[in-house]
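All heavy atoms count here, side chains included; hydrogens, waters and symmetry mates do not. We count ligands from 1, going down the list as the structure has it; atoms in each ligand are counted the same way.
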Amino acid sequence: MSQSRNTNAISFSNLNFAYNNRGILSDISLQFETGKVTGIFGENGAGKSTLLKILAGVMSAEQIKASELQNFPQADIGYLGQQITPAWALKVSALVELGTLSRESWSREEKQAAVQEAMAQTDCLHLAERKVLEISTGELQRALLARVFAGKPKIILADEPTAGLDPRHQLAVMNLLQQHAQNGGTVLVVMHDLAAGKTFCDNAVLLANGKVYAHGTATEVLSDENIFDVFGV
Ligand SMILES: Nc1ncnc2c1ncn2[C@@H]1O[C@H](COP(=O)(O)OP(=O)(O)OP(=O)(O)O)[C@@H](O)[C@H]1O
């Protein structure tokens, strides 16, 4: 029991969550292992983004009822939310540098090196001097992802990270997330593409009606039968 706990980066039981008394997540217990990419699947409105926001610490703690939900230091979590359009005319390099804010012990040089590395990983180096308001949707998505990588988080929570990306960059981003897991990180990724889920995720969670419909290996969870039951296709 204690050994399995050590290999779980995130673990919680009986999680309940409601928006304005409307129940969204009900009695959810999950464990996410380090070294694995776990895909979170479910219909629109199933609560995938809400779950990720709770784990990212974005939601007010008073709204969340759960046992064993460990609170990780914020610096260990990199959260990529559904795409936002920044309202400021920041340069891409400045946006990416925001990812290092929580790393207070890093020197200026360490931060700069992390920013450069993250921009290289996400193919953003050529965008460094451009304004975030003047780049394409896919370029912005990569810059936002670079911001996450710049902080060198152990846990990455990514909400539809390939949204708006062309096939080459979709592949590159999923490969990066896999690499992060293989290097000992933990990756949770909200996805809609079931085929990509089977290819890139080790494990999967399928949410339906506010509950966990299935949790296990991606192949088990994304079976034809489960997909028919949940999505009706
Ligand atoms: N801030 C909010 N206030 C009230 N209700 C909300 C809020 N955000 C989301 N909801 C509702 O909570 C439910 C779950 O939303 P959530 O965004 O978690 O779903 P999702 O599974 O990520 O959906 P999608 O696949 O469409 O992104 C939906 O019914 C949504 O309308």
Problem - Approximate separation, where rounding is to 0.5 Å, of Asp202 CG and Thr217 OG1 - result: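 Going from CG on Asp202 over to OG1 on Thr217, the span is 9.5 Å.
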Problem - Test item: side-chain donor near acceptor, His215 and Asn203, under 3.5 Å - result: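 His215 vs Asn203: no donor-acceptor pair found between side chains.
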Answer yes or no: is there a donor N or O on one side and an acceptor on the other, between the side chain of [X] and the main chain of [Y], under 3.5 Å?
X	Y	value
Ser223	Asn226	yes
Arg103	Gly151	yes
Asn20	Arg22	no

Exercise for the section: Measure the acute angle between the ring planes of Phe149 and His180, then classify it against the limits of 30° and 60° as parallel, tilted or perpendicular. Expected result: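 Judged by the thresholds at 30° and 60°, the geometry between Phe149 and His180 is perpendicular.
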For [atom], what's the nearest protein heavy atom and its distance?
atom	value
atom 21 (O) of ligand 1	Lys48 NZ, 2.7 Å
atom 26 (O) of ligand 1	Asn44 ND2, 3.1 Å
atom 14 (C) of ligand 1	Gly45 O, 3.4 Å
atom 27 (O) of ligand 1	Gln82 NE2, 3.3 Å
atom 31 (O) of ligand 1	Arg22 NH2, 3.7 Å
atom 15 (O) of ligand 1	Thr50 OG1, 3.8 Å
atom 17 (O) of ligand 1	Ser49 CB, 3.6 Å
atom 9 (C) of ligand 1	Tyr19 CE1, 3.4 Å

Problem - From Gly23, Gly210, Gly47, Gly42 - option closest to atom 19 (O) of ligand 1 by heavy atom - result: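 Among Gly23, Gly210, Gly47, Gly42, the closest heavy atom to atom 19 (O) of ligand 1 comes from Gly47.
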Practice task
Would you kindly specify which portion of Ile24 sits under 4.0 Å from ligand 1, judged on non-hydrogen atoms: side chain, backbone, both or neither?
Solution key: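 Contact part for Ile24 vs ligand 1: side chain (C-beta onward).
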Practice task
Just let me know how His192 lines up against ligand 1, side chain, backbone, both or neither, with a heavy-atom cut-off below 4.0 Å.
Solution key: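 Within the 4.0 Å criterion, His192 contacts ligand 1 through side-chain atoms alone.
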Problem - Phe231: ring-ring contact (aromatic ring centres under 6.0 Å, His included) partners, not counting sequence neighbours - result: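 Partners of Phe231 under the ring-ring contact (aromatic ring centres under 6.0 Å, His included) test: none.
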Practice task
Among residues two or more places apart or on two chains, list those pairs meeting salt bridge (charged side-chain N to carboxylate O under 4.0 Å, His left out) that have a residue in residues 153-178.
Solution key: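 Output for this query lists Asp76-Lys154.
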Problem - Numbered atoms and elements of ligand 1 in range of Glu43, under 4.0 angstrom, heavy atoms - result: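 Near Glu43, the atoms of ligand 1 are 21 (O).
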